[in-house]
Amino acid sequence: MEYNFSETEKKWQDYWRANATYRASIDKSKPKYYVLDMFPYPSGAGLHVGHPLGYIASDIFSRYKRLKGFNVLHPMGYDEFGLPAEQYAIQTGQHPAVTTAQNIARYREQLDQIGFSFDWEREVRTSDPKYYKWTQWIFSLLFNSWYNNDSKKAEEISSLISRLEKEGNQKVNAANSEERIFSAAEWNGFDEKTKSDILLNYRLAFISEATVNWCPALGTVLANEEVKDGVSERGGHPVERKLMKQWSLRITAYAQRLLDGLDVIDWSDSLKEQQRNWIGRSDGAEVTFQIDGMNEGLLIFTTRPDTIFGATYMTIAPEHELVEKLTTSDRRNEVMAYVTEAKNRSERERMAEVKNITGVFTGSYSIHPFSGNKIPIWIGDYVLAGYGTGAVMAVPAHDSRDYAFARHFNLPIVEVVAGGNIAEESYDAKEGKLINSDFLNGLDVKDAIKKTIGEIEKRGLGLGKVNYRLRDAIFGRQRYWGEPIPIYYKNGIPQLVEAKDLPVVLPEVDKYLPTEDGEPPLARAKNWSYNGHPLETTTMPGWAGSSWYFLRYMDAKNENAFASNQALDYWKDVDLYMGGAEHATGHLLYVRFWTKFLHDRGFIAIDEPAKKLINQGMIQGRSNFVYRVKDSNKFVSYNLRKQYDVTDLHVDVNIVENDVLDIEAFKKWREEFAAAEFILEDGKYICGAEVEKMSKRWWNVVNPDDMVSKYGADCLRLYKMFLGPLELSKPWNTNGISGTSGFIRKLWKLYHKLDGRDLVWEVSNDEPSKAEFKALHKTIRKVEEDMERFSFNTSVSTFMICVNELTDLKCNKRAILEPLAIIVSPYAPHIAEELWSQLGHKESITKATFPQWKEEYLVESEFAYPISVNGKTRLNIALSLAFTKEEIEREVLNSEEVKKLLSGQPVKKIIVVPGRIVNIVL
RNA sequence: GCCCGGGUGGUGGAACUGGUAGACACGCAGGACUUAAAAUCCUGUUCCCGUUGAGGGAGUGCGGGUUCGAUUCCCGCCCCGGGUACCA
């Protein structure tokens, strides 16, 4: 019988489901291994052929690890909350839960076809109240925590309160936004509202008034990483800066630990680098410049304190709190006009005008702390309010932005580090000797930085200081489709909903839009209150549920905790995390933050969520084109198109095979082509091709369902891996799929013999030959090595080589074919199960053990040495591997062929690497 | 601009710590089987010159260097992909 993939694949998928083959449970007799795919958001379009790439790789690895004796946790679920479902709900009036459920059903169907080994009993869905109860619970924990910089961890808020009661906040070293210093007595005298406001400045989940990214079209604020190029990542709508009260998470408290943690995890360099840049640590100093004629100082941050003698003016952000005070009356009109304009500019305008230098002089001067010189204070929008102190000492000679500004406004430029040509451009490099700098003269930049900071601290002008680019994460969204924030307001004071009353269930609303007076959609809900007090109306952002889901999989159904200690202790962390690099600064930073937080609060032992992370490359689309002769219904084949005046049209890639157009299908594709005529080459219509993004628009979308029904899941799995290294982006091209399809047929044939026209099962129990053992064992070794370095494409090649060799050897020995089925099974599980059961096994092949390769079958006695002359290979000579260097040298030089080759030329030197190469140098 | 990746046949790619460049597969060409086609099988296939099946030369984006030997290491450039953008 020929191999019938559709029947066999269905059979085994049913078997796996019926027998819960992939159920994972705690088993302390085995080492655990946790393989996780990034949480999919079930979009309406279903899976296209690009999505399963990572899933297939992680599935293969999971199956491999099971065969290697690990207890594997390999779950799947859905990140359901998100903007697209809600936008769709707004348009159609359908509840987002309904459309989301439909999308999930479709996803599941598609996933099942590919034969994944997920433990579906652990499925999680973020919009399930049983799940988001715990998301809300973690939020409550964040609200009830503060970050102690002395102990370097998050602590229960009560420990802070008792300190405030005893000693005030003078000695409290916390990550906070509180500026006042108060004594214990003062604290104890504050009213409840004041205390609440102060504590919010310490809590890790807090309300603050901050400039946020407001997107009017989506009607919500967005986090920094949800904004790209001044427009929203979802939908591409303009984003404005707006001052708003917002729930935020104090991720900045963890900036240094998030940075340090990168050194201990095995993630790709590019991804770590992205996180490092996003966190953006810079080392420098904060220095106060006294303002001339005022009892007030201007605090600046600089990473180049060494250049302080080159500071010829100051610049502050238009939003700086001292703008008002610093502006002299004669400058008032001009300054106010500038500030108003700068504030109203949208993010996009601001970015578009980066090269446009704008600024205004305040009329005030500051006193240089070392030279005592008077230097002017300017306002410029190249200084950002949100970074550092919102003020800089401008050193035009050594900072390109200050340089451009100084040139534009004719401000003095003083060189203080030798090495550049400041008449031409600023010299920003941190190299050279200090000049024009009093006590710093002659020092190197590095030493000068140290010395300046020392001096600044000694004179009480400021402190050495580290700044981070990372901002606190805006957590509230003015949207419907998200987890309600478990907060209510009692006399305007935010209070937590009690743990026993969680979850706060997402209410029904009549419309998924803001109310007439601009309140978020939840304000439409009837009785949106808790014990008579109004509940918070903003919801959590899309990334809330995904920041801890990896923990829930460990114990998905637990109703008493987000996961039991037993499960957390056993499964610990993710061993292999597979997913796209696009989550570098969003999800992957938040999940690390929440993990560290839960660790601090004693709920989990781990401090990083995933030991190893692999980014699978993107699958791009490959479009096909047909060429229509202008003003006709004639189509000319690719290589003849230049002889005509043609328009190129995208053609559905699903009716093209190996760039050859299926003409009949084309005629049926669209009515207008029914009567099309063709100018062929060699009797075929050849299409043009180009790599583009996979999109409906370009008719280049290939979905996995079609591939599965045409070639089978095993073939699709093998082909995807065969395409190239996992991390590389590549266009999806079905041209080569017949290769893996042929491989499956050849594999099947190994276990059969041809009886007339039929294939009949035939496997013998005879002892295999040496050659057969060798073919198998070198395959086992290579595949194992490839697996350990996630080189899936080379494994597939190795299988092909093995099957080709065994076919040549006409091998049908059980002792070879049984282990072969096992090592192939992670890649092609369906056919492997079928072969396994026909070999007489009652249990699934997934319960088998990965075979061990044996050195004895691999030893070679001879090696065909490549003999090269001056590094160029000339011929091969087979020699015993037992030979010493000297013996090899003698054999080679005495060989007739080599003598002929050298034709008497003197040998200058001969390099012999036993088992590798011989190089003769003339 | 800056920071990461990456440039190997007609195509996808292989070559693990410097040691036979092009494994494996697609495509293509020729052949076998077939009334024919599909399927299958066999042979060839980096390029150039040459040819009886001899032989020779070039070759891993470009130019240099280190080395007996470089796709691999170093220096300088070019191109492509991704990230990021006044972060002081």
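Under the rule for a side-chain contact (heavy atoms from CB on, under 4.5 Å), the partners of A:Thr873 that lie at least two apart in sequence or sit in another chain are A:Pro866, A:Ser868. Applying the side-chain contact (heavy atoms from CB on, under 4.5 Å) test to A:Lys446 and every residue at least two apart in sequence or in another chain returns nothing.
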Nucleotide-resolved protein contact map, nucleotides 77-82 of chain B, B/S/- at heavy-atom distance under 4.0 Å: ------
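Only the C1' atoms considered, B:G30 is 39 Å distant from B:C79, to the nearest whole Å. If you take atom P in B:U11 and the same atom in B:G61, they sit 13 Å apart, rounded to whole Å. Distance noted for atom P between B:G83 and B:U72: 29 Å (whole Å). Separating the C1' atom of B:C41 from that of B:C33 is a span of 8 Å, rounded to the nearest Å.
Checking B:A88, B:A14, B:C16 against every side-chain atom of A:Thr303, the shortest atom distance belongs to B:A88. Closest to the side chain of A:Phe722, from the set B:C24, B:U84, B:C86, is B:C24. Comparing B:U84, B:C86, B:C26 against the side chain of A:Arg469 picks out B:U84 as the nearest. Checking B:C26, B:A88, B:G19 against every side-chain atom of A:Ser738, the shortest atom distance belongs to B:C26. Closest contact between the side chain of A:Arg916 and the listed nucleotides B:G19, B:C86, B:C24 involves B:G19. When distances are taken from the side chain of A:Thr302 to each of B:A88, B:C3, B:A15, the shortest belongs to B:A88. Distances from the side chain of A:Asn735 to the nucleotides B:A88, B:C26, B:C86 place B:C26 closest. Of the candidate nucleotides B:C4, B:A88, B:G13, B:G13 has the atom nearest to the side chain of A:Asn793.
Listed by first residue number, the stems of RNA chain B with at least three Watson-Crick or G-U pairs below 3.5 Å are B:1-7 with B:78-84, B:10-12 with B:24-26, B:27-32 with B:40-45, B:46-49 with B:55-58, B:61-65 with B:73-77.
Heavy atoms of A:Val383 sit under 4.0 angstrom from at least one base atom.
Contact between the side-chain N/O atoms of A:Asn277 and the OP1/OP2 oxygens of B:A85 is not found at any separation under 4.0 Å. Contact check, A:Ser282 against B:A88: a side-chain N or O comes under 4.0 Å of OP1 or OP2.
When the nearest nucleotides of RNA chain B are assigned to A:Thr585 and A:Asp786 by heavy-atom distance, the more 5′-ward of the two goes with A:Asp786.
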Kindly give the atom pairs (protein nitrogen or oxygen, nucleotide nitrogen or oxygen) under 3.5 Å for nucleotides 39-49 of chain B.
{"residue": "B:U40", "atom": "OP1", "partner": "A:Arg745", "partner atom": "NH2", "Å": "2.7"}

Under 3.5 Å between N/O atoms: give me all the protein pairs with nucleotides 65-71 of chain B, atom names plus distance.
{"residue": "B:C68", "atom": "O2'", "partner": "A:Asn919", "partner atom": "ND2", "Å": "3.2"}
{"residue": "B:C68", "atom": "O2", "partner": "A:Asn919", "partner atom": "ND2", "Å": "2.7"}

